[in-house]
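Down below is the structure, laid out as structure tokens.
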Protein chains: 2
Amino acid sequence: MCEHGNVAAMEAASEVGVDTRWSEMLRTYHTVSNELEHELQAGHGLGLSDFELLKALCRCCGPDKAKVRMKDLEAEMYLSQSAFSRTVTRLEKAGFVERAECGFDRRSNFLAITDAGGERYRSAAETYRAVLNEHFA
Amino acid sequence: MCEHGNVAAMEAASEVGVDTRWSEMLRTYHTVSNELEHELQAGHGLGLSDFELLKALCRCCGPDKAKVRMKDLEAEMYLSQSAFSRTVTRLEKAGFVERAECGFDRRSNFLAITDAGGERYRSAAETYRAVLNEHFA
DNA sequence: TGACATCACATGCGCGCGCATCTAAGTTGC
DNA sequence: GCAACTTAGATGCGCGCGCATGTGATGTCA
């Protein structure tokens, strides 16, 4: 096969492959995100987006910095601006993050994780890792 | 490295890999599904779940069979039972599928694709393939 | 045959999402 | 310094989703 450089066949095979890759991703994504959603909610009272935001916040803050601009954190995530804003509101009501004014630019808000937020994140992260290992390891 | 079979290091590396795999899947999934959603909606008036249902229906029907039991089709998809039921309702209102009674079991419904549904599916499938090739090829 | 579990599907409900829009604050150009 | 534009973030709105439940038909067991 391929001795004539059969482009049509290669394209066909390639398209089937692309389609299959997407179908598998769709199935895996729904399976894993549903399980994460359930486990995080049941065990820690967090939705998946809540957790992913806390995760990004911890990563962006690093060990030294305590605050991140909301816009910068938003850029790290898959959420729309409005969904991001509401997720922050949820987490703030729960006491896991705090909005703080930014002296330089009064349009911006800094975002900081609270002690309670850090603790909740670390315990939820164990559940998170367990679920991912179960599906990807 | 690995000369002592360093299990801790391997586990750590493995966990990072799992986490990264999931993060990339999350990003890719949202990027691709958003683009599919937009392109299919703008070009063909179909949501992604609408399209995926038509796709599964065409696949299950094959070239000969004309009908599939709803439960069987549902099992092929990632949607919950309720979301599946409503997707069928949307597609039926649009005239792309038809529910038909099943003589054997009056709880069940057969599902059939209409001519309009077949045509819409085939033209949408070109858009679908184009988007997937753009991201996976 | 009658009581009970199960199945296929529909539907009320609440929620998180993206889109469009709004407000307030910063920026640019004349 | 003022008008026009851009940016950060909040919010009204509609929609699709999953969960829980309802309805009616089927299967099961005594």
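In what follows, every chain begins at residue 1, and chains take the letters A, B, ... in the order their sequences are listed. Worth knowing before you read on, the calculation uses all heavy atoms, side chains too, and leaves out hydrogens, waters and symmetry mates.
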Item to complete: Give a yes/no on whether any side-chain N or O of A:Arg106 is located under 4.0 angstrom from OP1 or OP2 of D:dA8.
Response: no
Worksheet item: Residues two or more places apart in sequence or in another chain: which of them pass salt bridge (charged side-chain N to carboxylate O under 4.0 Å, His left out) with A:Lys67?
Response: none
Worksheet item: Can you list every ring-ring contact (aromatic ring centres under 6.0 Å, His included) pair that touches residues 82-114 of chain B, not counting sequence neighbours?
Response: none
Item to complete: Using the closest heavy atom to pick a nucleotide of DNA chain C for each, name whichever of B:Asn34 or B:Glu74 lands nearer the 5' end.
Response: B:Glu74
Discussion item. How many whole angstroms separate atom CD of A:Glu35 from atom C1' of D:dC19?
Written reply: 17 Å
Worksheet item: Tell me, for nucleotides 1-6 of chain C in 5' to 3' order, what letter each nucleotide earns: B for a base near a protein heavy atom under 4.0 Å, S for only sugar-phosphate near one, - for neither?
Response: ------
Worksheet entry | All pairs passing salt bridge (charged side-chain N to carboxylate O under 4.0 Å, His left out) where residues 82-93 of chain B contributes a residue, at least two apart | B:Asp50-B:Arg90, B:Glu92-B:Arg99
Discussion item. Nearest whole Å is fine: how far is D:dA10 P from A:Lys93 NZ?
Written reply: 12 Å
Worksheet item: Which pairs count as ring-ring contact (aromatic ring centres under 6.0 Å, His included) when at least one residue sits in residues 40-59 of chain B, sequence neighbours excluded?
Response: B:Phe51-B:Tyr121, B:Phe51-B:Tyr128
Worksheet item: Taking protein heavy atoms under 4.0 Å as touching, what does nucleotides 10-17 of chain C look like 5' to 3' if B marks base contact, S marks sugar-phosphate-only contact and - marks none?
Response: BBBB--SS
Worksheet item: If you write DNA chain D from 5' to 3' in dot-bracket form, with Watson-Crick or G-U pairs under 3.5 Å, [ ] for crossing pairs and | for pairs with another strand, what do you get?
Response: ||||||||||||||||||||||||||||||
Item to complete: Might you work through the side-chain contact (heavy atoms from CB on, under 4.5 Å) test for B:Arg69 and B:Glu74, ending with a clear yes or no?
Response: CA-CA 9 Å; B:Arg69 276 184 55 242; B:Glu74 185 193 320; over 6 Å; no
Fill in: Nucleotide D:dA8, atom P - distance to CZ of A:Phe110 in whole Å
13 Å
Fill in: Partner residues of A:Glu98 under the side chain to side chain contact (heavy atoms under 4.5 Å, CB included) criterion, sequence neighbours left out
A:Thr114
Response to the item:
In short, salt bridge (charged side-chain N to carboxylate O under 4.0 Å, His left out) pairs touching residues 101-111 of chain A with sequence neighbours left out are A:Asp105-A:Arg107
Response to the item:
Quick note, salt bridge (charged side-chain N to carboxylate O under 4.0 Å, His left out) partners involving residues 119-128 of chain A, not counting sequence neighbours, are none
Response to the item:
From CG of A:Leu111 across to C1' of D:dG9 the rounded distance in Å is 12 Å
Discussion item. A side-chain contact here means heavy atoms from C-beta on lying under 4.5 Å apart; do A:Leu36 and A:Leu132 qualify?
Written reply: yes
Discussion item. If you assign each of A:Arg69 and A:His38 to its closest nucleotide in DNA chain D, which residue comes earlier from the 5' end?
Written reply: A:Arg69
Worksheet item: Can you list every side chain to side chain donor-acceptor pair (under 3.5 Å) pair that touches residues 27-41 of chain B, not counting sequence neighbours?
Response: B:Glu35-B:His135
Worksheet entry | B:Ala83: side chain to side chain contact (heavy atoms under 4.5 Å, CB included) partners, not counting sequence neighbours | B:Leu79, B:Ser80
Fill in: Rounded distance (Å) that lies between atom C1' of C:dA25 and atom NZ of A:Lys71
14 Å
